[in-house]
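Letters A, B, ... mirror the listed sequences (proteins, then strands); counts begin at 1.
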Amino acid sequence: MNRRFWVYIEQEDGKAHQVSWELLGVARRLADEIKDELEKTGDTALVEGVLVGHQMDEVAREALHFGADNVYVVDDPAAKHYLNKPYTEVLTHLVKKHQPEVMLVGATTLGRDLAGAVATSVGTGLTADTTHLAMGSPKEGQPKLLMATRPAFGGNVIATILCRNHRPQMATVRPRVFPMPSRLAEAKSNIIHEDITITPDMVNAEIVEIITKKGSDVKVDYADVIVAGGRGLGNAKGFELLQQLATELGGVVGASRACVDAHWISYDHQVGQTGKTVRPKLYIAAGISGAIQHKVGMQESDFILAINRDPNAPIFEIASMGIVGDLYEVIPSMINQIRALKEAQHVH
Amino acid sequence: MFHALVSIKQVPDTTNIRIDPETNNLIRQGVPTILNPYDAHAVAAAVEWKRKLNGKVTIITMGPPAAITSLRECIEMGADRAILISDRAFAGADTWATSYVLTEVIQAVHKEDPLDLIFFGKQAIDGDTAQVGPGVAVRLDLPVVTYAVKIHEVNTAEKFVVIERKTESRNEVIKAKLPAVMTCEKEIADIPYASLPDLVYSLRYEPEVWTTEGPITFDPAQLGLKGSPTTVFRTGTPEKHKAGEVLKTAETGVDVAVKTAFDKILEVEGVASMLGVQR
């Protein structure tokens with residue numbers, strides 16, 4: 001028997017969303033976690049991608065480089081753009097046909113829209129926004145289940161959720177919660193074309209216009225360096241100073257929710273529970289007190305430097321290093337010192 | 001006549017929740033419950049279109065009797081009818097079992113008085129799942145537009161709606177057949193000030209209470225904990241990260257603190273090369 005670990009490969013305009021590769025990495029780890037059971041039963045674990053769209057071969061091949069054993073492809077001109085009902089029907093059909101044990105979907109706007117519909121249509125359980133996933137026995141000796149852990153109550157509590165009697169065990173995961181797996185030079189396996197067409201009865205809505213946002217090229221979730229500001233900046237102008245430092249460090253500017261609510265900066269920059277989850281190499285938190293809702297969005301950063309006037313600010317609890325002081329003194333000093341460091345390199 | 005239904009939830013105000021540092025338990029005492037903020041904007045949008053099209057708004061919620069406060073708040077905003085779906089048998093429902101109950105109720109309301117638009121907030125701030133709206137749409141086999149930011153047009157004669165939704169990278173304008181389900185962002189409508197007649201009406205308003213006893217019947221196997229595919233295995237508090245060194249500029253001076261910080265930052269794997277600086 002094959003035990004299938006599925007990942008929904010999300011694409012928009014023929015480009016894969018990076019969260020799909022992150023999830024292939026997770027699926028591979030989950031498959032490895034049941035090796036002991038496989039040895040006993042002689043079953044095989046397969047990591048498989050599912051891809052719906054039109055002319056997606058390149059994306060499918062890329063999925064194989066990120067460790068998928070198989071990629072199921074549904075290609076139909078009517079599936080060029082995502083729409084809830086046709087995509088839900090196609091995935092429901094595939095799930096019923098192949099009976100995966102686990103199915104992971106990115107917790108993007110598209111993924112959340114789709115996963116909730118597919119879970120209902122298939123009749124199974126779905127855990128949203130998981131931050132930790134493992135295959136484990138709820139009781140010793142019992143078969144392993146997907147242990148899906150997620151924050152609740154604004155990040156104040158974490159809960160581990162099981163889906164005992166229904167399959168697949170579904171979970172959504174926000175981008176950047178898990179690291180990118182390394183890309184394999186060789187793609188070892190198969191692209192399987194599924195012969196499904198989208199019939200008119202599957203279509204109950206159409207996209208009449210696509211409005212591309214201006215100035216939304218800030219990719220705070222995939223930045224390696226983030227210089228983030230909070231209420232402690234005092235005003236919108238403070239972000240100009242942070243932008244200078246971010247530019248010197250080759251990074252982008254992030255913000256706490258308070259600043260976005262105060263219209264100091266646009267929502268694209270918001271980090272935290274209601275904004276983006278980030279995991280940069282370097283996160284500089286300037287004037288951010290560190291409410292739990294902010295921390296859950298950035299605590300996986302490799303190095304967190306917190307700058308705050310209040311020595312009791314909760315942000316210091318998770319900071320790799322803290323500076324208690326005035327950010328309007330600290331940030332300019334940082335700009336000067338990084339410039340000096342770079343200049344010294346050029347001289348030598 | 002235009003008829004909108006809004007499904008709302010009363011939630012603990014998560015911004016006020018604290019953890020007892022000794023027992024690690026959630027301190028629920030004294031935490032106010034509020035109408036889920038996204039739902040409030042959904043109600044505002046429904047009322048706005050009711051006024052434009054001379055229609056009617058029905059509010060439903062599944063929850064404890066205390067949720068009546070939130071229903072009254074919706075009446076105050078201009079809704080016409082409110083139904084509390086409350087029964088011990090519903091307790092412990094996950095999103096799947098919740099969407100079952102809501103679907104049954106929505107179908108009953110629709111039978112009495114056909115619906116055009118069914119509104120949800122994009123998610124509830126206590127669970128943050130965003131699953132119930134799409135789940136109900138699938139059960140009803142209706143189009144769903146999630147993350148809606150603007151209603152461009154509601155055409156009850158030709159039975160379609162044009163709604164703008166927001167994704168990470170763009171906005172999409174979607175034309176869907178009526179009746180349709182939508183889940184709303186806050187931009188969908190501003191919360192109106194209550195008019196005096198609505199305010200007075202809400203004070204005396206008694207919501208209908210629907211239970212497993214009636215007026216409609218539910219399949220007991222699909223209710224509450226028993227009807228939920230997912231169960232909570234365990235709960236805990238988030239892992240605490242280890243705090244690093246903290247320097248005070250008042251003691252070390254600004255430049256020394258910053259230099260110490262850079263020394264550490266450049267030790268982080270990949271950072272020095274990324275910045276083009278040698279250690």
task = Give, as side chain, backbone, both or neither, the part of L282(A) having an atom under 4.5 angstrom from any heavy atom of chain B.
result = side chain
task = Under 4.5 Å heavy-atom distance to chain B, tell me which part of R257(A) shows up: side chain, backbone, both or neither.
result = side chain
request  = Could you look at V296(A) and say if it's the side chain, the backbone, both or neither that has a heavy atom under 4.5 Å from chain B?
outcome  = neither
query = So which part of D126(B) gets closer than 4.5 Å to some heavy atom of chain A, the side chain, the backbone, both or neither?
reply = both
message = Counting only heavy atoms not in R309(A) (residues, nucleotides, ligands), do more than 12 fall under 6.0 Å from its CZ?
response = no
request  = Give the minimum heavy-atom separation between A205(A) and P143(B), together with the two atoms involved.
outcome  = CB-CB, 4.5 Å
message = Using a strict threshold of under 4.0 Å (side-chain N to carboxylate O), is an ion pair present between R170(B) and D13(A)?
response = yes
request  = Against chain B, label A319(A) side chain, backbone, both or neither, depending on which of its atoms sit under 4.5 Å from a heavy atom there.
outcome  = backbone
query = Is it the backbone or the side chain of T108(A) that comes under 4.5 Å from a heavy atom of chain B, or both, or neither?
reply = both
remark   = Separation between OG1 (T120(A)) and CZ (R139(B)), nearest 0.5 Å, reads 6.0 Å
query = Between T249(B) and D326(A), is a side chain to side chain contact (heavy atoms under 4.5 Å, CB included) present by the stated rule, with each step listed?
reply = CA-CA 8 Å; T249(B) 56; D326(A) 182 353; over 6 Å; no
key: Under 4.5 Å from any heavy atom of chain A - which part of T260(B)   = both
ask   = Which pair of heavy atoms, one from L275(B) and one from I338(A), lies closest together, and at what distance?
value = CD1-CD1, 4.2 Å
task = Rounded to the nearest 0.5 Å, what's the gap from CD1 on I210(A) to CD1 on I174(B)? Could you check?
result = 9.0 Å
task = Please look at S121(A) and chain B and tell me whether the side chain, the backbone, both or neither of the residue comes under 4.5 angstrom of a heavy atom of that chain.
result = both
remark   = Answer key: most heavy-atom pairs under 4.5 Å with chain A among E164(B), E269(B), R165(B), M274(B) is M274(B)
request  = For T230(B) and L126(A), work out which heavy atoms get closest and say how close.
outcome  = CG2-N, 3.7 Å
ask   = Which of the residues V271(B), V232(B), D255(B) is involved in the greatest number of heavy-atom pairs with chain A at under 4.5 angstrom?
value = D255(B)
key: Main-chain N/O of V254(B) paired to E329(A) side chain as donor or acceptor, under 3.5 Å   = no
ask   = Could you walk me through whether Q273(A) and D128(B) pass the side chain to side chain contact (heavy atoms under 4.5 Å, CB included) check?
value = CA-CA 9 Å; Q273(A) 177 96 7; D128(B) 284 320; 2.6 Å; yes
request  = Could you check if a side-chain atom of V330(A) sits within less than 4.5 angstrom of a side-chain atom of V258(B), using non-hydrogen atoms only?
outcome  = yes
inquiry  = Any non-hydrogen side-chain atom of I211(A) less than 4.5 Å from a side-chain atom of E172(B)?
reply    = no
query = Who among V225(A), V203(A), I207(A), I304(A) has the most heavy-atom pairs with chain B under 4.5 Å?
reply = I207(A)
remark   = Rounded to the nearest 0.5 Å, the CD atom of E168(B) sits from the CG atom of L110(A) at a distance of 8.0 Å
task = Can you tell which part of E251(B) gets under 4.5 Å to a heavy atom of chain A, answering side chain, backbone, both or neither?
result = neither
request  = Return the option, out of Q299(A), K85(A), M147(A), with the maximum number of heavy-atom pairs under 4.5 Å with chain B.
outcome  = Q299(A)
request  = Determine the minimum heavy-atom distance between M321(A) and A257(B), stating which atoms define it.
outcome  = CE-O, 3.9 Å
request  = Tell me, for V138(B) versus chain A, whether the close heavy atoms (under 4.5 Å) come from the side chain, the backbone, both or neither.
outcome  = side chain
key: Q123(B) and R112(A): CA distance, side-chain angles, deciding distance, side chain to side chain contact (heavy atoms under 4.5 Å, CB included) verdict   = CA-CA 11 Å; Q123(B) 64 198 51; R112(A) 285 158 159 259; 3.3 Å; yes
ask   = Do other residues, nucleotides or ligands put more than 12 heavy atoms under 6.0 Å from D190(B) CG?
value = no
query = So which heavy atom on A243(B) is nearest to which on F316(A), and how close?
reply = CB-O, 3.3 Å
query = Considering only heavy atoms from C-beta outward, does the side chain of V246(B) approach that of V324(A) to under 4.5 Å?
reply = yes
ask   = Do the non-hydrogen side-chain atoms of I323(A) and T252(B) ever get within less than 4.5 Å of each other?
value = no
message = So for T274(A), is it side chain, backbone, both, or neither that comes closer than 4.5 Å to the heavy atoms of chain B?
response = side chain
remark   = chain B shares the most heavy-atom pairs under 4.5 Å, among C163(A), S333(A), G325(A), G116(A), with S333(A)
message = If you count heavy-atom pairs within less than 4.5 Å of chain A, which of V144(B), T146(B), T231(B) leads?
response = T231(B)
request  = Quick one: which of P311(A), P138(A), G251(A), G250(A) has the most heavy-atom pairs under 4.5 Å with chain B, could you say?
outcome  = P138(A)
task = Side-chain contact test, heavy atoms from C-beta onward, threshold under 4.5 Å: evaluate it for L341(A) versus K259(B) and give yes or no.
result = no
message = Are there over 12 heavy-atom neighbours, none belonging to K264(B), within less than 6.0 Å of that residue's NZ?
response = yes
note = Answer key: most heavy-atom pairs under 4.5 Å with chain B among V208(A), L162(A), I161(A), V118(A) is L162(A)
task = Please say whether more than 12 non-hydrogen atoms of neighbouring residues, nucleotides or ligands are located less than 6.0 Å from NZ in K248(B).
result = no
request  = Check whether I307(A) gets within reach of chain B through its side chain, its backbone, both or neither, counting any heavy atom under 4.5 Å.
outcome  = neither
ask   = Side chain, backbone, both or neither: which part of L305(A) has an atom under 4.5 Å from a heavy atom of chain B?
value = side chain
message = Using a 4.5 angstrom heavy-atom cutoff, name the option from D141(B), V11(B), N171(B), T235(B) with the most pairs to chain A.
response = N171(B)
ask   = Measuring heavy-atom distances to chain B, does D113(A) have an atom under 4.5 Å in its side chain, in its backbone, in both, or in neither?
value = both
Heavy atoms from other residues, nucleotides or ligands near NZ of K177(B) exceed 12 (cutoff 6.0 Å) = no
Beyond-backbone contact of S169(B) with E12(A), side-chain heavy atoms, under 4.5 angstrom = yes
message = Quick check: closest heavy atoms across I265(B) and F303(A), and the distance to 0.1 Å?
response = CG1-CE2, 3.5 Å
task = Go through the atoms of A119(A) and report whether side chain, backbone, both or neither lie under 4.5 Å from a heavy atom of chain B.
result = backbone
query = Who among E206(A), H166(A), R164(A), K281(A) has the most heavy-atom pairs with chain B under 4.5 Å?
reply = E206(A)
request  = Could you walk me through whether T129(B) and R150(A) pass side chain to side chain contact (heavy atoms under 4.5 Å, CB included), step by step?
outcome  = CA-CA 10 Å; T129(B) 70; R150(A) 70 179 306 259; 4.1 Å; yes
key: Per-residue contact mode, I125(B) against chain A (heavy atom under 4.5 angstrom)   = backbone
